[in-house]
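Numbering of residues begins at 1 and proceeds along the displayed sequence. These numbers come from a predicted model, not from an experiment.
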Amino acid sequence: MSLNGLNFYSYLSRIRILKTYSSKIMLVAFFGTHVPLITLLLFFILSTVQDFQTALKILGIALAATLAGTAATLLALHKLLAPVMLTSRSLNRYLSERELPNLPTIFQDEAGSLMADTVTAVRKLDELIHYMANYDGLSGLPNRDLFLERLSSSLHELSMREEILSFPVLSLEATHLKQIRSNFGVHIGDLYLRALVQKLETMLGPETILARTGDGEFSFFPSPSSSQILETDSEIWAGKIQNSVSSPLNVVDHQISSEIQIGISVFPYDGKSSDQLLWKSETALNQAKLSGTTKIQTYSSEWKERMKEKYLLEKDLRLAISKNQLFLQYQPRIEVQTGKKISAEALLRWKHPEYGLISPTIFIPIAEESGIIAEMGEWVLSKSMEDLGNWKKRGIPPIRISVNLSVKQLEDKNITKKVLDILEKNDLSVEDLELEITESSLITNTQPALEILGELHSWGISLALDDFGTGYSSLSYLSKIPLKTLKVDQSFVRKILTDPNSLAISKTIVALGKSLGLRITAEGVETEAQMRKIKDLGCDEAQGYFLSKPILLEELEKFVQT
């Protein structure tokens with residue numbers, strides 16, 4: 001029916017006394033039966049009856065009979081309108097109270113279909129709303145809210161028992177999900193997650209409550225009615241899960257794997273509420289991730305204190321630049337064949353007023369997580385170029401300065417202009433600067449980062465790839481980045497004489513870099529034997545404690561001139 005069919009209904013709705021749908025029907029029925037009948041009756045009386053009293057008597061009897069018949073008709077109509085009115089009230093109760101309609105579904109006419117279809121549609125809608133509110137659309141698993149609800153229910157069930165039982169709550173994360181999506185695409189990443197969920201469900205079985213509580217994160221606990229997982233067995237259980245789901249999964253002809261890390265909290269020792277236990281299992285998971293080496297971590301109060309210290313350090317780090325607590329050291333790089341000092345890497349240092357020197361391994365991750373790293377990176381670039389500019393003005397033989405470019409800086413569309421402005425401000429040329437990037441800095445925002453690197457390269461700025469061989473998919477980026485230098489990671493160089501694998505990897509990196517026309521720098525050279533080895537392999541440059549530790553600008557000037 002078109003909207004024009006609602007014109008008469010719309011007109012009646014303007015009459016204020018007709019508030020209900022049934023009143024509109026009654027009014028139409030009343031006038032529809034009375035107007036023609038009364039008109040006909042009046043015409044008959046006026047045309048045939050001469051006596052006024054007789055006419056009034058006939059008219060009264062006729063009106064009484066008509067009203068009685070009309071009342072019976074209107075009552076029947078009112079009863080026939082019951083399906084419409086009942087359906088309307090049921091929908092209003094569902095909207096206000098989420099009470100599902102309880103309407104008969106046995107009738108076959110239009111009113112019966114209205115009631116039956118309303119029941120079916122509302123129940124399907126309610127199921128959909130419940131699913132959307134409580135389940136994850138990608139994996140089909142319960143979401144965080146439903147997980148906490150079921151955990152609370154299990155805790156209540158345990159509290160009713162006489163014996164005190166303990167059981168673990170575990171949080172698991174596939175930590176390479178961003179890299180997988182970057183390398184294979186978002187769709188393949190989603191398919192990998194589904195395959196991971198299927199493997200987890202198969203391993204854990206129906207007696208374990210599993211939910212998706214984050215992008216690549218899942219949480220689970222054993223049902224209280226299942227064979228109880230004892231506290232002492234929780235790490236063994238987690239280890240079996242970690243080993244199993246870390247293995248590669250077949251996803252559309254790709255063998256894809258991710259590093260799996262797990263955090264554990266235990267009821268009742270780490271908490272007695274669902275919120276506490278989930279938060280502490282996730283805190284333990286974060287501890288495992290930040291450690292860099294731990295795959296499985298149980299919650300501890302010591303970690304809580306470390307998180308508090310981290311928060312306080314982050315607050316102090318935000319003020320470190322304005323309070324002049326940051327400074328630079330430089331680590332020289334030399335040409336392997338000639339011994340010529342050709343460049344130095346600018347390294348950021350932080351002297352805390354209370355704790356003294358803070359290791360970069362501590363404050364750099366904090367800066368990256370909090371977003372301060374972009375401001376700090378610009379400060380390093382500006383300060384190092386200012387140092388080099390002053391150096392050149394004094395007539396000291398210059399060397400190229402190498403500066404690390406952070407992930408946040410690679411997301412800055414104005415970074416090229418900022419770099420060129422800093423060079424111009426200090427009367428330096430593009431040959432005076434080298435920018436270092438890491439593979440991890442390209443993972444999350446690959447294409448825009450490659451465009452920025454291409455722009456920097458077009459202005460003649462040298463680019464070096466740091467920590468090569470430690471990233472997720474080294475070869476996939478190597479041909480896309482306009483590099484000049486490839487740096488062999490120090491983890492390989494330090495074991496180059498004792499570990500056949502490190503030696504093989506180093507040989508491969510050198511051969512690969514040479515085939516692409518790149519200069520090869522070996523990092524972390526600590527002994528004369530290592531120096532001879534990297535020279536034999538064909539490395540062009542070397543950097544490490546054997547040549548020089550990181551030093552202040554004044555010491556670097558002396559180092560270059562000797």
Indicate yes or no: does E314 engage R318 in a salt bridge with an N to O separation below 4.0 Å. yes

Heavy-atom donor-acceptor pair, S182 side chain to K178 backbone, under 3.5 Å: no

So among I461, I415, I481, which one has a side chain to side chain contact (heavy atoms under 4.5 Å, CB included) with L453? I481

Between the side chains of E434 and S462, is a donor N or O closer than 3.5 angstrom to an acceptor N or O? no

Take a 6.0 Å sphere around NE2 of H352 and say whether it holds more than 12 heavy atoms from other residues, nucleotides or ligands. yes

Got a salt bridge between D540 and K514, using NZ or NE/NH1/NH2 to carboxylate O under 4.0 Å? yes

Is D412 salt-bridged to K418, cutoff N-O under 4.0 Å? yes

Cationic N near anionic O, under 4.0 Å, R194 to D190: no

If we ignore hydrogens and angles and just use 3.5 Å, is the side chain of S246 paired with the main-chain N or O of N243 as donor and acceptor? no

Would you call L151 and F147 a side-chain contact if the rule is heavy atoms closer than 4.5 Å? yes

Beyond-backbone contact of L328 with V380, side-chain heavy atoms, under 4.5 angstrom: yes

Quick one: CD on E411 to OG on S406, what's the gap to the nearest 0.5 Å? 8.5 Å

Taking the side chain from K280 and the backbone from Y299, do they hold a donor-acceptor pair closer than 3.5 Å? no

With no hydrogens and no angle check, just 3.5 Å: does a side-chain donor-acceptor pair link N404 and E345? yes

Using side-chain heavy atoms (C-beta onward) and a distance below 4.5 Å, is L405 in contact with L456? yes

So, do L249 and Y192 sit near enough that their side-chain heavy atoms are less than 4.5 Å apart? yes

Just by distance, do the side chain of Q530 and the backbone of R494 share a donor-acceptor pair under 3.5 Å? yes

Should the pair E259-K295 be classified as a salt bridge under the 4.0 Å nitrogen-to-oxygen rule? yes

Evaluate the side-chain proximity of K425 to D421: yes if any heavy-atom separation is below 4.5 Å, no if none is. no

I would like to know whether S506 and K533 meet side-chain hydrogen bond (donor to acceptor under 3.5 Å, both in side chains); could you show each step before the answer? CA-CA 10 Å; S506 300; K533 192 64 180 178; over 6 Å; no

Are R144 and D136 ion-paired here, with the side-chain N under 4.0 Å from a carboxylate O? no

Would E455 and K413 pass as an ion pair if we require N to O under 4.0 Å? no

Counting only heavy atoms not in E424 (residues, nucleotides, ligands), do more than 12 fall under 6.0 Å from its CD? no

Without hydrogens or angle criteria, can the side chains of E436 and S402 be said to hold a donor-acceptor pair below 3.5 Å? yes

If we ignore hydrogens and angles and just use 3.5 Å, is the side chain of S258 paired with the main-chain N or O of H176 as donor and acceptor? yes

W350-Y355 aromatic ring centre distance below 6.0 Å: no

Does one side chain, of T175 or E173, offer a donor that lies under 3.5 Å from an acceptor on the other? no

Result of checking R400, E523, K341 against R333 for side chain to side chain contact (heavy atoms under 4.5 Å, CB included): R400

Return the CD to OG1 distance between E335 and T521, rounded to the nearest 0.5 Å. 10.5 Å

Between the CD atom in Q198 and the CG atom in L200, the distance rounded to the nearest 0.5 Å is 10.5 Å

Would you say the side-chain atoms of Q242 pair up with the backbone N or O of A238, donor to acceptor, closer than 3.5 Å? no

I'd like to know if the side chain of S244 reaches the main chain of I241, judged simply by a donor and an acceptor atom lying under 3.5 Å from each other, with no hydrogens or angles considered. no

Does the side chain of L420 come within less than 4.5 Å of V430's, by heavy atoms? yes

